[in-house]
Amino acid sequence: MGFLENMWLMVLYIVSEWAVFQAFLVFPLLLLAVKLWQKVRSGGSVQTSDFSVQSEMVWSVANNLSLALVNSLLWVALLAGVYTLIDAFWTEMIGIDRFAVIQTLPLWVQFVAVLILLDFKNYWSHRLLHQHWLWDIHSLHHSDKHMNHTTTVRIHILESLQMSLVSMIILGWLNLPLAVVVAAGMIRSWHGFYIHSGLPFDHGPFRKV
């Protein structure tokens, strides 16, 4: 891998990590803004208590972020080894050419295709995690008594491995441009923060979507 390619990978990594970091700040501020707006619209006055945070919520957020940090450190080593094995699996053990048709399509089409694939994968991976033989792992995610946007990263390292393995196998097989994969992954990440954030939006006819 050349110097320029290494630099490109580093830039994409920094951008994706910055987007996740932004989510930790944006969603609590957005939730507070929406709640204050609703209170003002209903004729209520804004009180100092509206800005208070429950100690249980602080503990939940600290616990979730600590868990995410530990998982991230463990995942660095796992990712390097697992990706190498997957790459060898496709190129040597199977001995078949990777799917190339999608690579000829415009980047925005590839981006939409990756979003659909990741959504399909996440749905069935999540269903699998709710089966009794994997529930003990996934139950950590559901154990948060004060769900908030950081609950998104409250997952067991083995759940992270299970979800990421499937993603790497699918996306590695398609051999898509890294920029497309990172962009789609960022959207999926923000979607995860959004659905756990407790924002009072109903979405009307689009709520199932």
Over 60° means perpendicular and under 30° means parallel, so tell me whether Tyr194 and His203 are parallel, tilted or perpendicular.
perpendicular
Are Leu199 and Phe193 connected in the hydrophobic side-chain network, where two residues link if heavy atoms are under 4.5 Å apart?
yes
Linked hydrophobic residues, Leu140 as query - side chain contacts closer than 4.5 Å:
Leu67
What I'd like to find out is whether the side chain of Arg188 reaches to under 4.5 Å of the side chain of Asp119, using heavy atoms alone.
yes
Hey, does the side chain of Thr151 reach the backbone of Met147 with a donor-acceptor pair shorter than 3.5 angstrom?
no
Does His132 have any ring-ring contact (aromatic ring centres under 6.0 Å, His included) partners at least two apart in sequence or in another chain, and if so, which?
none
Do Leu29 and Val61 belong to the same hydrophobic cluster, where Ile, Leu, Val, Met, Phe, Trp and Tyr are linked whenever their side-chain heavy atoms lie under 4.5 Å apart, directly or via other members?
no
Side-chain heavy atoms nearer than 4.5 Å, only ILVMFWY residues, links allowed to pass through others: does that put Trp37 and Leu30 together?
no
Do the ring centers of His156 and His138 come within less than 6.0 Å of each other?
no
Let's go through Phe27 and Thr150 carefully: what are the C-alpha distance in whole Å and the side-chain angles of both, what is the deciding distance for side-chain contact (heavy atoms from CB on, under 4.5 Å) to 0.1 Å, and is it a yes or a no?
CA-CA 9 Å; Phe27 283 103; Thr150 66; over 6 Å; no
Is there a side-chain contact between Asn148 and Pro28 in this structure, where contact means two heavy atoms from C-beta onward sitting under 4.5 Å apart?
no
Identify the two heavy atoms, one from Ser160 and one from Ile155, that lie closest to each other, and give their separation to 0.1 Å.
CB-CD1, 4.0 Å
Does the separation of the ring centres of His141 and His196 fall below 6.0 angstrom?
yes
Taking atom CZ of Phe206 as the centre, does the number of heavy atoms from other residues, nucleotides or ligands within less than 6.0 Å exceed 12?
no
Can you confirm if the aromatic rings of His149 and Trp190 lie within a centre distance of less than 6.0 Å?
no
Any side-chain to backbone donor/acceptor pair from Ser139 onto Trp135? Under 3.5 Å, distance only.
yes
Does any part of the side chain of His130, heavy atoms only, come nearer than 4.5 Å to the side chain of His142, both counted from C-beta?
yes
Determine whether Trp124 and Leu117 fall in the same hydrophobic cluster, where Ile, Leu, Val, Met, Phe, Trp and Tyr are linked whenever their side-chain heavy atoms lie under 4.5 Å apart.
no
Side-chain (Asn64) to main-chain (Ser60) donor-acceptor, under 3.5 angstrom:
yes
Check: His126 ring centre within less than 6.0 Å of Phe120 ring centre
no
